[in-house]
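In what follows, chains are A, B, ... by sequence order, proteins preceding strands, each numbered from 1. The structure presented is a predicted model; accordingly, all values stated were derived computationally and were not measured.
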Amino acid sequence: MTQTTATPTLANLTISQLLAQRVEAALSAAGAAGAPAVIQPSGKPEFGDFQANGVMGAAKAAKTNPRELATKVVAALDLAGIADKVEIAGPGFINIHLAPAFLAQRLEVARNDETLGIIKPAPQKVMVEYSSPNLAKEMHVGHLRSTIIGDAIARVLAFAGHDVQRCNHVGDWGTQFGMLVAYLVEAELNGDLSSLQQDVRTEERIAEINREIDKLSSRREHDERGQVALLGDALTRFEELKAEIEKLEASESDNLHGLELHDLEGFYRKSKQRFDEDEAFANRARDYVVKLQSGDPEVKVLWRMFVNLSLAHCDAVYKKLNVSLNRKDIRGESAYNDDLPVVVSDLRAAGLLEESQGAQVVFLPEFKNPEGEAQAMIIQKKDGGYLYATTDLAAVRYRHRTLDLKRVVYVVDARQSLHFQQLFTLSRKAGFAPADMALEHVAFGTMMGEDGKPFKTRSGDTVKLIELLDEAIRRAYELVNEKNPSLPDETRSRIAQAVGIGAVKYADLSKNRTSDYIFNWKAMLSFEGNTAPYLQYSYTRVASVFRKVGEFDSSAAIVIAEPAEKQLALQLAQFDEVIAFVSDTCQPHQLCSYLFALAQQFSRFYEACPILSAEGAVRDSRLAIAALTARTMKAGLSLLGIAVLEEM
RNA sequence: GCACCCAUAGCUCAGUUGGAUAGAGUGUCAGUUUCCGAAGCUGAAGGUCGCAGGUUCGAUUCCUGCUGGGUGCGCCA
């Protein structure tokens with residue numbers, strides 16, 4: 001669990017942390033110092049709200065009777081103002097019933113706090129690398145999971161108070177871009193490059209600025225917090241240069257000569273076809289690759305034109321998906337081009353590099369190849385070219401040396417887990433990543449069709465992501481028409497957008513990411529069960545209360561009296577725990593489970609405890625609980641990148 | 001051959017350093033609507049946690065072996 005650095009007091013601990021602290025103090029007083037309390041939410045209502053399971057383990061270690069130890073622990077346990085009943089049960093469980101007034105107090109704190117009273121850990125510089133499509137192709141369903149899981153993780157980490165950098169490590173480099181550029185010139189510009197002169201000059205200026213930035217990078221110092229950073233003049237200059245690049249690049253992307261590619265996939269296919277059929281075209285393409293990698297400004301302009309076209313397509317997908325990635329988060333493979341020879345020389349200097357069959361490789365004895373020998377990681381091909389492993393190493397190096405990140409999470413398909421293990425191992429050995437810099441591969445399984453096989457069209461083609469999203473919105477629109485035909489069409493479209501996209505995202509996010517998952521339109525778009533539409537509907541029910549309420553005292557005291565009120569309050573009071581848990585484990589499905597349980601608790605509360613027809617202080621208190629529920633649901637869903645609606 | 005992931009109710013899935021009678025949803029059956037949105041709520045039935053051992057007060061969880069499924073393992077990313 002995430003630790004806080006501030007002095008532990010009642011106010012900056014989650015309930016579990018607070019109970020653990022008190023139970024451990026009691027264990028210590030009972031002669032079992034150092035034993036963990038093992039606090040968890042109780043499995044059943046009759047076992048209270050939380051249970052401490054640590055006594056059995058402690059008794060075993062001390063070779064004493066667990067019931068007797070439990071008796072001593074409970075006698076020493078100070079939960080004044082926190083619990084109103086503590087019981088010993090079974091072999092030595094301690095069941096804790098929280099005091100309603102204590103829960104009410106937690107809710108008051110959450111109500112008066114912008115971030116719902118969550119406990120903030122010490123902020124960390126974290127990067128989340130996700131989505132990362134190859135720009136030579138249109139985005140397809142294979143990009144969906146990384147994009148939405150990564151986005152949810154980035155949002156949760158930022159909400160938890162961390163300094164989060166999103167990184168879209170797009171594939172924008174390599175041999176296929178020569179082919180694409182050649183086709184761009186031929187098919188879209190009719191071989192006429194005269195209109196590019198302005199952009200070529202811009203490109204030359206960008207290269208000049210980048211050289212100056214590289215020089216500045218050597219002037220990093222330690223700031224007052226001990227962080228490595230650019231200081232004073234260097235920092236000012238760095239920011240100026242960054243701003244100028246941004247402006248220059250924006251001017252380029254505005255100058256696309258009216259080009260629009262509605263069918264990137266077709267563009268890619270046709271360029272490949274030309275490459276295969278026409279020798280002269282193929283030679284031009286190869287020539288462009290060489291020029292591109294040596295920094296030829298004219299080819300760079302053409303390349304950037306294609307990249308911008310492709311990124312515009314990505315932007316459209318992200319916008320439709322409600323994903324928070326934008327151009328500032330892009331740092332593609334091309335960004336590391338100049339670092340690749342440095343990676344090679346660093347590895348050589350560290351004595352890790354060897355030549356094998358003409359290629360520069362690193363042998364890793366930690367991994368075995370099919371012949372049982374040390375696994376080779378190819379750093380540079382025999383023709384001098386580099387591979388994605390080299391780029392990834394350069395990225396790790398950059399993320400430490402320049403960005404000084406403390407944690408990097410890679411939201412990438414599980415099939416690449418071996419690659420990441422090797423990458424992380426070599427990064428440590430080569431000193432690209434120090435021991436205190438966490439590198440995590442957040443892996444996920446494959447998206448399957450309803451037949452249990454990888455998700456494809458009927459004819460076996462990959463499904464374009466934008467088409468999948470449009471279908472989700474179309475299906476949601478049909479549902480809205482059935483349920484609520486009287487709404488204005490514009491409203492129905494807006495609801496369909498939120499429901500369709502929410503359904504696709506929630507279906508994915510609510511499952512444990514490590515396993516493959518089965519894509520099912522009917523299940524994800526159902527308004528019953530653990531789905532986005534159900535949660536969105538729950539939210540509108542709370543919202544509707546406030547449409548009808550009129551005047552009320554929004555700062556009235558919260559009083560927990562009825563069992564359904566207590567259960568809802570208990571759920572609300574655990575929001576901080578789930579945020580901390582998801583921050584640690586990068587498992588958004590835990591947040592989904594939480595929100596579903598919250599929605600259910602609210603529905604039960606709604607059945608059992610009339611709000612608007614109650615009177616006086618009871619009415620105000622229930623309104624306050626409902627308002628906090630709405631805020632929590634909205635915040636939780638927005639962390640998943642899912643929109644809520646006031647009516648649907 | 002080696003490595004990683006997975007196997008839990010008819011179906012889709014949870015299960016937090018090993019904890020109490022393994023939980024949700026869906027589907028099935030039953031109840032519930034003078035009351036804030038019934039797209040709700042309540043209840044019932046439904047399990048050899050893939051198989052076999054081991055560790056211990058206690059194993060779905062940890063270890064070993066096996067079966068079955070997925071994925072990966074030197075010049076693609």
What does the B/S/- profile of nucleotides 56-62 of chain B look like, 5' to 3', with a 4.0 Å heavy-atom cutoff to protein? SBB----
Determine, for nucleotides 27-36 of chain B in 5'-to-3' order, which nucleotides have protein heavy atoms under 4.0 Å from the base (write B), from only the sugar-phosphate (write S), or from neither (write -). S--------B
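A:V38 comes within contact range of at least one nucleobase, with a heavy-atom separation under 4.0 Å. Residue A:Q51 is in base contact, counting any heavy-atom pair closer than 4.0 Å across all strands shown. Contact annotation for A:A414: no contact, since no heavy-atom pair falls under 4.0 Å across all strands. Residue A:F47 is classed as a base contact, given a heavy-atom separation below 4.0 Å to a base. Contact annotation for A:Q357: base contact, defined as any heavy-atom pair under 4.0 Å involving a base atom. Residue A:Q380 is out of contact with every strand shown, counting any heavy-atom pair closer than 4.0 Å.
Look at A:E450 and A:K522 and you find no salt bridge, because none of the NZ, NE, NH1 or NH2 atoms lies under 4.0 Å from a carboxylate O.
Straight-line distance from the CZ atom of A:F363 to the P atom of B:G74: 12 Å, rounded to whole Å. A:Y410 has its OH atom 17 Å from the P atom of B:A77, to the nearest Å. Following rounding to the nearest Å, A:D413 (CG) and B:C5 (C1') show an atom-to-atom distance of 12 Å.
Annotation: cation-pi geometry satisfied between A:R331 and A:Y336 (NZ/CZ under 6.0 angstrom from ring centroid, within 45° of ring axis). A cation-pi geometry, defined here as NZ or CZ lying under 6.0 Å from the six-membered ring centre and within 45° of its normal, does not hold between A:K634 and A:Y539. Cation-pi geometry between A:R541 and A:Y606 is met: under 6.0 angstrom from the ring centre, within 45 degrees of the axis.
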How does RNA chain B read in dot-bracket, base by base from 5' to 3', with Watson-Crick or G-U pairs under 3.5 Å and | used when the partner is on another strand? (((((.(..((((.....[...)))).(((((.......))))).....(((((..]....)))))).)))))....
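Inspection of the A:N337 and A:Y386 side chains reveals no N or O donor paired with an N or O acceptor under 3.5 Å. Side chains of A:S334 and A:D172: a donor on one and an acceptor on the other come within 3.5 Å.
Here A:Q360 does not reach the OP1 or OP2 of B:C75: none of its side-chain N or O atoms lies under 4.0 Å away.
Per the stacking criterion (ring centres < 5.5 Å, plane angle < 30°), A:Y537 does not stack onto the base of B:G37.
Take A:D276 and apply the salt bridge (charged side-chain N to carboxylate O under 4.0 Å, His left out) test, not counting sequence neighbours, and it matches A:K272. Residues satisfying the side chain to side chain donor-acceptor pair (under 3.5 Å) criterion with A:T540, sequence neighbours excluded, are absent altogether.
Listed by residue number, the members of residues 418-426 of chain A with any heavy atom below 4.0 angstrom from RNA chain B are A:L418.
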